[in-house]
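Structure record follows, encoded as structure tokens.
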Amino acid sequence: MSRSHWNEAAKIWQQIGEPLKPPGEALQHYAEAVSLWQGLEPRVLLMGVTQELFAFPWPSGTSISALDNSADMIKNVWLGPPEAAFLGDWRDMPLTDGSFDLAVCDGGLTLLPYPEGHLQVSRELSRILAENGLCVFRLHICPAAREEPAQVFAALAGGEIPDISHFKLRIAAAMQTDPESGVVLADIWDALIRFAPDLDALAESIGWPIEHMRSIETYRGSANVYRFMTLEQIESVFPEFHLERVWRPTNPLQRMCPVAAFRKRT
């Protein structure tokens with residue numbers, strides 16, 4: 001993802017909600033996943049600056065660092081000390097070999113080129129994680145039954161989608177034809193404007209706050225791409241790790257967002 005996209009996202013961060021941010025059930029799943037790492041005072045790398053993960057009830061003595069490619073996200077969203085946040089690319093981490101025990105990422109794998117970007121991240125995570133290291137990812141996977149974009153827009157107009165964050169995830173997955181190509185964010189914006197040229201009127205008609213609806217304006221003209229894979233595809237592009245466990249949401253609106261724990265191979 002380009003830094004410009006995240007510069008804009010940092011400005012409207014409080015408008016972003018579930019499932020683009022982790023709901024309470026996901027945080028419970030994170031806790032169960034973290035418990036699979038058996039040790040004291042874990043060294044944790046957050047891939048991104050997700051506030052809910054920094055504020056998570058980590059074990060006593062945990063040290064937390066973050067790696068993000070947007071200086072604005074670090075400046076405006078990161079809750080930790082400035083010296084604990086590093087600016088850089090997950091595919092080429094400016095971090096020392098074996099310097100972490102856990103790596104945690106909330107939805108970020110969707111932002112990577114498939115499959116090359118994921119393979120690069122797998123190699124880097126294997127390098128910077130200590131023996132028996134654990135990766136915990138909340139994924140955005142392909143829905144079991146693919147929707148057509150027209151179905152999502154019909155659900156939107158019918159008031160069946162609770163908020164803009166649920167809509168963003170659902171329409172992106174519906175518009176993708178394959179994970180190699182993904183879906184360009186500008187295309188989502190263009191499709192929405194064709195469907196509803198007056199976003200304020202659409203928000204009013206379905207009972208959404210206008211400022212929440214307007215948060216999708218960061219998609220306008222954006223060349224950034226989201227990619228949705230199956231769990232099997234994600235497993236295949238992390239060859240340095242084995243999938244240890246998956247936690248699936250009970251909320252049907254968030255069924256695309258399981259939490260998965262991957263263990264570094266020995």
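In this text, all values refer to a predicted model and were calculated from it rather than measured experimentally.
- In this structure, Leu111 and Arg227 approach most closely via the heavy-atom pair O-NH1, 4.5 Å.
- Among pairs with a residue in residues 103-117, those fulfilling side chain to side chain donor-acceptor pair (under 3.5 Å) read Tyr30-Asp106, Asp106-Arg138, Thr110-His140, at least two apart in sequence or across chains.
- In this structure, the side chain to side chain donor-acceptor pair (under 3.5 Å) partners of Arg146, at least two apart in sequence or on a different chain, are Glu148.
- Atom CG of Leu102 is separated from atom CZ of Arg43 by 9.5 Å, given to the nearest 0.5 angstrom.
- Residues Phe137 and Met229 share a hydrophobic cluster, clusters being chains of Ile/Leu/Val/Met/Phe/Trp/Tyr side chains in contact below 4.5 Å.
- Clustering ILVMFWY residues whenever any of their side-chain heavy atoms sit less than 4.5 angstrom apart, transitively, puts Leu112 in the very cluster that holds Phe86.
- A search for side chain to side chain donor-acceptor pair (under 3.5 Å) contacts involving Asp163 returns His166, not counting sequence neighbours.
- Side-chain heavy atoms closer than 4.5 Å link hydrophobic residues (I, L, V, M, F, W, Y) into clusters, and following such links, even through other members, never connects Val34 to Leu243.
- Across all non-hydrogen atoms, the minimal contact from Trp78 to Ala66 is CZ3-CB, 3.6 Å.
- Residues that satisfy the side chain to side chain donor-acceptor pair (under 3.5 Å) test with Thr250, not counting sequence neighbours, are Glu25.
- Ser70 and Asp68 form no side-chain donor-acceptor contact under 3.5 Å, judged by distance and modelled atom types alone.
- Within the 4.5 Å cutoff, side-chain heavy atoms of Trp58 are placed close to those of Val104.
- In the hydrophobic clustering of ILVMFWY residues, with side-chain heavy atoms under 4.5 Å counting as a link, Leu20 and Leu139 come out apart.
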Exercise for review: Please lay out, stage by stage, how Leu169 and Tyr226 fare under the test side-chain contact (heavy atoms from CB on, under 4.5 Å).
Suggested key: CA-CA 9 Å; Leu169 193 63; Tyr226 282 170; over 6 Å; no
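- Side-chain contact between Leu53 and Ile64: absent, with no pair of heavy atoms (C-beta onward) separated by less than 4.5 Å.
- Counted within 6.0 Å of CD on Glu204, heavy atoms from surrounding residues, nucleotides or ligands total 12 or fewer; the atom is thus considered open.
- Atom CG of Asp72 and atom NZ of Lys75 lie 7.0 Å apart (nearest 0.5 Å).
- Shortest non-hydrogen contact noted between Arg248 and Leu231 is NH2-CD2, 3.6 Å.
- Ile141 is connected to Val237 through a chain of hydrophobic side-chain contacts under 4.5 Å among Ile, Leu, Val, Met, Phe, Trp and Tyr, so both are in one cluster.
- Counting all heavy atoms, side chain and backbone alike, Gly182 lies closest to Gln176 at CA-OE1, 3.5 Å.
- Relative ring orientation between Phe153 and Phe167 is described as tilted, the plane-to-plane angle lying within the 30° to 60° band.
- The two residues Phe195 and Ala157 come nearest to each other via the heavy atoms CZ-CB, 3.8 Å.
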Practice item. Please step through salt bridge (Lys or Arg N to Asp or Glu O under 4.0 Å) for the pair Arg214 and Glu211, ending with a clear verdict. Key: CA-CA 5 Å; Arg214 286 286 172 183; Glu211 63 271 19; over 6 Å; no
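- Every residue two or more places apart in sequence or in another chain was checked for a side chain to side chain donor-acceptor pair (under 3.5 Å) with Glu131, and none qualifies.
- The number of heavy atoms from other shown groups lying within 6.0 Å of CD (Glu83) is above 12.
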Can I get a per-line list of side-chain donor-acceptor pairs under 3.5 Å for residues 256-266, giving both atom names and the distance, sequence neighbours left out?
unit_1 : atom_1 : unit_2 : atom_2 : d
Arg263 : NE     : Glu244 : OE1    : 3.0
Arg263 : NH1    : Asn132 : O      : 3.0
Arg263 : NH2    : Leu36  : O      : 2.9
Arg263 : NH2    : Glu244 : OE2    : 2.9
Lys264 : NZ     : Ser126 : O      : 2.8
Lys264 : NZ     : Leu129 : O      : 2.7
Arg265 : NE     : Pro239 : O      : 3.0
Arg265 : NE     : Phe241 : O      : 3.2
Arg265 : NH2    : Phe241 : O      : 3.2

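- In plain terms, the two heavy atoms of Val183 and Ala172 that are nearest each other are CG1-O, 3.5 Å.
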